[in-house]
There are 2 protein chains.
Amino acid sequence: MSQVFKALSDPTRRRVLQLLRQGPLSAGEISDQFDVSKPTMSAHFAVLREADLVHAEKAGKSVIYHLKLSVLEEALLGFVHSFGVGGQASTSKQEVTE
Amino acid sequence: MSQVFKALSDPTRRRVLQLLRQGPLSAGEISDQFDVSKPTMSAHFAVLREADLVHAEKAGKSVIYHLKLSVLEEALLGFVHSFGVGGQASTSKQEVTE
DNA sequence: GACTCATTTCGACGATTAGCTAATCATCTC
DNA sequence: GAGATGATTAGCTAATCGTCGAAATGAGTC
């Protein structure tokens with residue numbers, strides 16, 4: 001839970017996720033869209049993997065990143081719903097998932 | 001946008017918001033629920049104010065904190081919706097709000 | 001095997017963060 | 001005004017973060 005919000009707290013990582021909406025991309029293809037070094041992007045990918053927001057698939061020399069939309073959706077909607085808004089509510093439950 | 005996710009990335013701050021679901025509380029009442037010092041809690045409150053997730057109202061010696069549920073809701077649901085899931089979709093739009 | 005390309009790992013750096021104690025500010029009560 | 005109370009600010013430490021260049025790893029190609 002913390003890891004998801006942590007991952008989303010960086011604009012670069014949010015932009016990576018937005019890019020992946022339209023389909024899988026290789027690490028290099030993603031990095032080309034940003035003005036930071038490859039190692040920096042690789043670190044961002046690691047954070048996204050850690051949060052389970054993306055899946056890394058090796059394909060030859062490349063690594064293809066896939067968006068795990070269901071994880072993103074469940075984490076955020078689940079959190080919002082715990083406040084009793086945004087669709088199905090669960091106003092009573094009081095938990096702070098790590 | 002970043003500030004909201006940043007604020008939510010800390011378990012203590014998420015728990016503060018969860019506490020405020022049931023109604024406004026003073027800084028002291030909130031702090032009593034945690035095992036960290038008052039100044040540390042005050043810093044957490046500052047982060048939540050910065051993210052506009054809470055409203056601080058002075059009442060005599062105390063400061064009463066209110067949850068700004070609509071801000072939380074719009075930030076998170078808005079983000080999820082930009083991915084085309086979670087209710088009303090907006091699959092085409094591509095933005096990374098700061 | 002040697003070479004090349006794609007990506008990650010390794011150190012290192014400056015900036016930020018969460019935490020603490022001690023001090024200060026603000027307000028109420030006597 | 002002098003305390004007392006609630007909250008924040010100041011100043012510090014330790015840890016984490018985003019960034020980089022250089023080096024290392026992995027996977028194809030000749």
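Each chain gets a letter, A, B and so on, in the order the sequences are listed, and its residues count up from 1.
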- Euclidean distance, atom CG of residue B:D32 to atom P of D:dA7 [Å, nearest integer]: 9 Å

- Whole-Å gap separating P (C:dA26) and NZ (B:K38): 19 Å

- Tell me whether the OP1 or OP2 atom of D:dT8 has a side-chain N or O from B:Y65 closer than 4.0 Å. yes

- So what does B:F34 hit on the nucleic acid, given a heavy-atom distance under 4.0 Å: a base, only sugar-phosphate, or nothing? nothing

- Query: Between C:dA18 atom P and B:L8 atom CG, what is the distance in whole Å?
  - Reply: 12 Å

- Item | nucleotides 25-30 of chain D: protein proximity per nucleotide (B base, S sugar-phosphate only, - neither; heavy atom, under 4.0 Å) | -SBS--

- Note on the structure: Of C:dT17, C:dG19, C:dT21, the nucleotide closest to the side chain of B:K6 is C:dT17

- Message: Just the rounded figure in Å: distance from P of C:dA15 to CG of A:D10.
- Response: 18 Å

- Message: By nearest heavy atom, map A:P39 and B:E29 onto DNA chain D; which one lands nearer the 5' end?
- Response: B:E29

- Within this structure, what is the CG-to-P distance between A:L25 and C:dT7, rounded to whole angstrom? 11 Å

- Message: Can you identify which nucleotide, out of D:dT8, D:dC17, C:dA18, has its nearest atom closest to the B:V63 side chain?
- Response: D:dT8

- Check for a donor-acceptor pair, side chain of B:R21 on one end and backbone N or O of A:S82 on the other, with a separation under 3.5 Å. yes

- Could you state the interatomic distance from CE (B:M41) to CG (B:D32), rounded to the nearest 0.5 Å? 9.5 Å

- Side-chain contact test, heavy atoms from C-beta onward, threshold under 4.5 Å: evaluate it for B:R13 versus B:L8 and give yes or no. no

- Round to a whole Å and report the spacing from CE of A:M41 to P of D:dC17. 17 Å

- B:F34 six-ring face occupied by B:R15 cation (under 6.0 Å, within 45°): yes

- Task: Check the distance between D:dT8's C1' and B:E57's CD and give it to me in whole angstrom.
- Result: 18 Å

- Message: Taking ring-ring contact (aromatic ring centres under 6.0 Å, His included) as the definition, give me every residue that meets it alongside A:F45, ordered by chain and number, with sequence neighbours left out.
- Response: A:Y65

- Any side-chain heavy-atom pair from B:M1 and A:R14 closer than 4.5 angstrom? yes

- Item | same_hphob_cluster(A:V71, A:L25) at 4.5 Å side-chain heavy-atom cutoff | yes

- Given the rule that I, L, V, M, F, W and Y join up when any side-chain heavy atoms are under 4.5 Å apart, are A:V4 and B:V47 in one cluster? no

- If Ile, Leu, Val, Met, Phe, Trp and Tyr residues are connected whenever their side-chain heavy atoms lie under 4.5 Å apart, and connections chain through other members, are B:V63 and B:L67 in the same group? yes

- Looking across every strand, which nucleic acid part, if any, lies under 4.0 Å from B:S26 by heavy atom: base, sugar-phosphate, or nothing? sugar-phosphate

- Hey, does the side chain of A:T40 come within less than 4.0 Å of D:dG18's phosphate (OP1/OP2), counting only N and O? no

- Note on the structure: Numerically ordered, the residues 42-50 of chain B set in heavy-atom contact under 4.0 Å with DNA chain D is B:S42, B:F45, B:R49

